[in-house]
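Excluded from the calculations below are hydrogen atoms, water molecules and symmetry mates; all remaining heavy atoms, backbone and side chain alike, are included. Throughout, residue positions are numbered sequentially from 1 according to the sequence presented. As the structure is a computational prediction, the values presented were derived from the model and not from experiment.
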Amino acid sequence: MTTTAVPTHPPVTTAASASGGPVGHLTPQRWARANRLLVRKALAEFTHERLLTPQAVAGPDDRQWYEVRSDDGTVTYRFVARVLALAHWQIDADSITRHRDGTSLAPDAVDLIVELRDTLGLSARVLPVYLEEITSTLAGTAYKLSQAAPSAAELAEADFQTIETSMTEGHPCFVANNGRLGFGVDEYHRYAPEAAAPVRLEWLAAHRDHSTFSSAADLDYDTLIESELDAETRARFAATMAGLGLDLADYHLIPAHPWQWWNKLAVTFAGELAERRLVHLGPGPDVYLAQQSIRTFFNVSEPGRHYVKTALSVLNMGFMRGLSAAYMAATPAINDWLADLIAADEVLTGTGLTVIRERAAVGYRHRQYEAATERTSPYRKMLAALWRESPVPDLAPGQRLSTMAALLHVDDEGGSLAAALIARSGLAPEVWLRRYLDAYLTPLLHSFYAHDLAFMPHGENVILVLDEQDTVQRVIFKDIAEEIAVMSDKVELPAAVERIRVEVPDDTKLLSVFTDVVDCFLRHLNAVLVEAGVLAEDDFWRTVAACAADYFDRVPHLAERVRHYDLFAPEFTLSCLNRLQLRDNQQMIDLADPSAALQFVGTLTNPLAAHAPAR
């Protein structure tokens with residue numbers, strides 16, 4: 001198959017393995033703590049989504065206690081909680097107790113799901129897989145608890161990748177958010193973002209009759225490969241091909257996740273390898289770190305080189321994380337279109353907004369599987385990759401990078417990273433928050449009101465550019481082609497970009513802001529700052545409202561749209577993410593029609609309404 005020596009799987013050498021093998025992190029104490037933390041999140045988010053209705057009860061002290069009972073009424077959970085805006089349940093993890101028929105039991109997240117399976121609407125098909133995801137999430141938390149993680153104060157001055165690999169929570173809304181079903185424990189230690197283990201990508205040559213390559217208008221295949229692989233590596237790959245009587249010029253090079261090579265491609269694509277339509281060339285020389293999104297890698301050998309996003313047939317948080325060769329063909333064109341739109345818009349450029357473009361994509365089309373499957377099948381998403389710009393080259397002196405997820409990070413001692421940044425800045429919390437909102441919220445509002453354009457701007461999808469004062473100077477959006485949508489048939493789009501146009505009912509369009517920004521991120525940031533004692537809740541939402549009102553004042557030509565899509569409406573529809581995963585945890589939504597599967601349950605009181613400007 002190849003004349004290049006490929007190393008066998010390396011041994012696990014983490015601190016956890018040194019003290020007890022690859023499962024050394026799984027101790028009774030850590031498991032109990034992981035369960036308590038996940039039970040807290042499950043009770044909070046399932047209550048937020050109105051799957052649970054805690055009842056107020058008397059407790060052993062003067063704090064407000066609540067109670068939740070199992071489906072059969074035999075198990076009782078009691079806990080202390082404070083209910084914040086947007087029906088956000090801030091639960092004291094250490095207060096949680098569990099009793100069955102008067103007997104005290106340890107909180108157990110898997111038991112909780114089983115005890116509430118009917119309430120949660122879990123089908124016989126979904127339940128066991130969901131329990132596996134919950135268990136994997138618990139195991140990941142136990143691993144994180146085993147590490148000598150930096151404190152929030154230390155992370156506040158850390159470098160980009162230290163912050164990235166130190167994140168512990170995952171998505172703030174999803175309960176089962178670290179499933180990664182398919183990884184063995186050894187592979188977890190090698191490829192999980194929090195393991196921060198160096199990774200070398202595997203490279204394959206894919207015959208051009210069976211592969212597709214697309215790129216930005218100012219980039220071609222040879223230029224890309226020459227910028228990503230040094231001359232020695234390119235020569236090594238060419239020699240491997242020549243040794244098999246093949247010409248590398250007849251093939252496209254595709255980087256692959258090592259897990260995908262060992263567990264999928266070497267077996268499932270055996271016929272393609274045997275017939276030399278695919279040739280395994282071995283690992284490349286550069287060292288990468290897995291990012292929070294699992295299948296995306298940052299180049300630590302050459303930080304100015306591209307991120308590489310790979311196909312990964314692992315089930316995680318509602319999707320098999322593959323990449324479709326056909327779907328990605330338009331990726332560079334979509335990114336070019338968006339970059340041009342931003343560059344031509346004075347409001348967007350005035351906020352400092354940039355995107356790191358997905359500059360090129362390559363994919364392999366397995367004709368037999370394509371003939372046998374539907375468009376969304378995981379079998380069509382096993383071998384593809386894309387190259388995304390690095391944000392490093394565009395940094396000015398004194399600037400540094402951080403994932404926006406860091407703003408929700410709380411360390412083992414309860415320290416908030418956002419609070420640490422605010423303290424280091426020396427600014428009043430409202431001033432620091434407003435600078436962040438000007439950089440983050442304003443471009444999202446303008447994209448919606450001016451261009452009918454929605455992003456998926458959760459913490460992992462946004463990079464903060466911090467200045468020397470530890471304030472947010474500007475933001476960078478990423479993961480563009482799969483997660484932006486134009487919600488209008490009136491916006492002109494090039495034919496190659498038409499895929500991002502989606503049909504969304506008019507009365508749900510603003511949920512792209514209310515749900516994705518207000519409920520799924522700012523709700524949690526408010527709770528973090530309130531819990532840290534940094535900012536009163538009313539002051540937080542007043543600052544958010546002021547940012548929006550000031551933006552609206554700057555765009556009088558959009559007044560009719562601002563009136564029609566009222567950000568200061570008294571309430572908005574509650575769109576539930578966990579309900580999507582509980583219904584189908586292997587394909588939550590169709591990305592081509594994302595609004596069709598949404599789960600709506602009543603409304604939330606809009607915390608911005610109380611601070612609406614005078615009309």
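For the side chain to side chain contact (heavy atoms under 4.5 Å, CB included) with Val486, the lone residue among Val497, Val502, Leu338, Ile500 that qualifies is Ile500. Paired with Glu169 under the rule salt bridge (Lys or Arg N to Asp or Glu O under 4.0 Å), one option of Arg40, Lys144, Lys41 passes, and it is Lys41.
Aromatic rings from His524 and His458 are positioned such that their centres are separated by 6.0 Å or more. Ring pair His611/Phe568: centre-to-centre distance not below 6.0 Å.
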**Prompt:** Hey, mind stepping through Phe540 and Leu525 against side chain to side chain contact (heavy atoms under 4.5 Å, CB included) and telling me if it holds?
**Reply:** CA-CA 9 Å; Phe540 179 92; Leu525 180 58; 3.9 Å; yes

**Request:** Take Trp541 and Leu522 through the side chain to side chain contact (heavy atoms under 4.5 Å, CB included) test and state the conclusion after the steps.
**Result:** CA-CA 9 Å; Trp541 293 112; Leu522 295 182; 3.9 Å; yes

**Request:** Could you please spell out the steps behind the side chain to side chain contact (heavy atoms under 4.5 Å, CB included) verdict for Ile463 and Arg474?
**Result:** CA-CA 9 Å; Ile463 298 172; Arg474 59 186 179 90; over 6 Å; no

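Annotation: cation-pi pair Arg400/Phe160 absent, no NZ/CZ under 6.0 Å from the ring centroid and within 45° of its normal.
Closest approach of Pro283 and Trp203 over heavy atoms only: C-CD1, 4.3 Å. Residues Ala152 and Ala420 approach most closely at O-CB, 4.0 Å, considering heavy atoms. When all heavy atoms are compared, the tightest approach of Asp159 to Thr162 is OD2-OG1, 2.8 Å. The two atoms that bring Pro391 and Leu401 nearest to each other are CG-CD1, 3.5 Å, heavy atoms only. Asp519 approaches Leu574 most closely through the heavy-atom pair OD2-CD1, 3.9 Å. The two atoms that bring Thr310 and Pro255 nearest to each other are CG2-O, 4.1 Å, heavy atoms only.
Looking only at distances, no side-chain donor or acceptor of Glu202 sits under 3.5 Å from a matching main-chain atom of Pro258. Between the side chain of Arg499 and the main chain of Ala481, a donor-acceptor pair closer than 3.5 Å is present. Not a single donor-acceptor pair under 3.5 Å links the side chain of Asp336 to the backbone N or O of Ala216. Under a 3.5 Å cut-off, the side chain of Glu133 and the backbone N or O of Asn316 do not form any donor-acceptor pair. Within the 3.5 Å criterion, the main-chain N or O of Val287 finds a donor-acceptor partner in the side chain of Ser301. Of the possible polar contacts, one joining the Arg305 side chain to the Ser227 backbone as a donor-acceptor pair under 3.5 Å is found. Thr403 contributes a side-chain N or O that, together with a main-chain N or O of Gly459, makes up a donor-acceptor pair within less than 3.5 Å. Side chain of Glu537 to backbone of Ala85: a donor-acceptor contact under 3.5 angstrom is found. No donor-acceptor pair under 3.5 Å is formed between the side chain of Gln581 and the backbone N or O of Asn578. The main-chain N or O of Tyr565 is found under 3.5 Å from a side-chain atom of Tyr449 such that the two form a donor-acceptor pair.
Among pairs with a residue in residues 449-460, those fulfilling salt bridge (charged side-chain N to carboxylate O under 4.0 Å, His left out) read Asp452-Lys509, Asp452-Arg561, Glu460-Lys478, at least two apart in sequence or across chains. Here side chain to side chain donor-acceptor pair (under 3.5 Å) pairs that include residues 406-424, with residues two or more places apart or in two chains, are Arg424-Asp470. Listed by first and then second residue, the salt bridge (charged side-chain N to carboxylate O under 4.0 Å, His left out) pairs involving residues 543-553 are Arg434-Asp550 (not counting sequence neighbours).
Side chains of Leu323 and Lys309 form a contact here, defined as non-hydrogen atoms less than 4.5 Å apart. With a 4.5 Å cut-off on side-chain heavy atoms, Asn299 and Ser390 do not count as touching. Contact of the Leu577 side chain with the His171 side chain is registered, since non-hydrogen atoms from C-beta on lie closer than 4.5 Å. Between His257 and Phe297, some side-chain heavy-atom pair lies under the 4.5 Å cut-off. In this structure, the side chains of Pro303 and Phe298 come closer than 4.5 Å at one or more pairs of heavy atoms. Looking at Ile484 and Met456, their side chains never come closer than 4.5 Å, going by heavy atoms from C-beta outward.
Evaluation of the side chain to side chain donor-acceptor pair (under 3.5 Å) rule for Tyr188 yields Glu194 as partners, not counting sequence neighbours. In this view, Ala439 and Val472, Val475 satisfy the side chain to side chain contact (heavy atoms under 4.5 Å, CB included) rule, not counting sequence neighbours. For Ala428, the side chain to side chain contact (heavy atoms under 4.5 Å, CB included) test picks out Glu430, Val431, with sequence neighbours left out. Residues forming a side chain to side chain donor-acceptor pair (under 3.5 Å) with Asn335 (at least two apart in sequence, or on another chain): Glu358. Residues passing the side chain to side chain donor-acceptor pair (under 3.5 Å) test with Arg542, sequence neighbours excluded: Asp538, Asp539. Residues that satisfy the ring pair (Phe, Tyr, Trp, His ring centres under 6.0 Å) test with Tyr436, not counting sequence neighbours, are Tyr440. For Tyr288, the ring pair (Phe, Tyr, Trp, His ring centres under 6.0 Å) test picks out no residue, with sequence neighbours left out. With sequence neighbours excluded, the residues forming a side chain to side chain contact (heavy atoms under 4.5 Å, CB included) with Pro429 are Ile422, Val534, Leu535, listed by chain and number. Residues passing the side chain to side chain donor-acceptor pair (under 3.5 Å) test with Trp259 are Glu187, sequence neighbours excluded.
Considering OG1 of Thr233 and CG of Leu229, their distance stands at 6.0 Å, rounded to 0.5 Å. A distance of 5.0 Å separates CD1 in Ile91 from CG in Leu43, rounded to the nearest 0.5 Å. In this structure, Ile342 CD1 and Leu348 CG are separated by 6.0 Å, a value rounded to the nearest 0.5 Å.
Residues Gln399 and Asp467 have side chains that never bring a donor and an acceptor to within less than 3.5 angstrom of each other. With no hydrogens or angles considered, a side-chain donor-acceptor pair links His446 and Asp345 at under 3.5 Å. For the residue pair His306 and Glu228, a side-chain donor N or O sits within less than 3.5 Å of a side-chain acceptor on the partner. With 3.5 Å as the limit, one finds no donor-acceptor pair spanning the side chains of Ser215 and Arg359. No side-chain N or O of Arg33 forms a donor-acceptor pair with one of Asn35 less than 3.5 Å apart. Residues Gln161 and Gln291 bring a donor and an acceptor atom of their side chains to less than 3.5 Å of each other.
Note on ring orientation: taking the six-membered ring where Trp is involved, the planes of His25 and Tyr143 are perpendicular (angle over 60°, cut-offs 30° and 60°).
Using a cut-off of 4.0 Å between Lys/Arg side-chain N and Asp/Glu carboxylate O, Glu45 and Arg523 are scored as salt-bridged.
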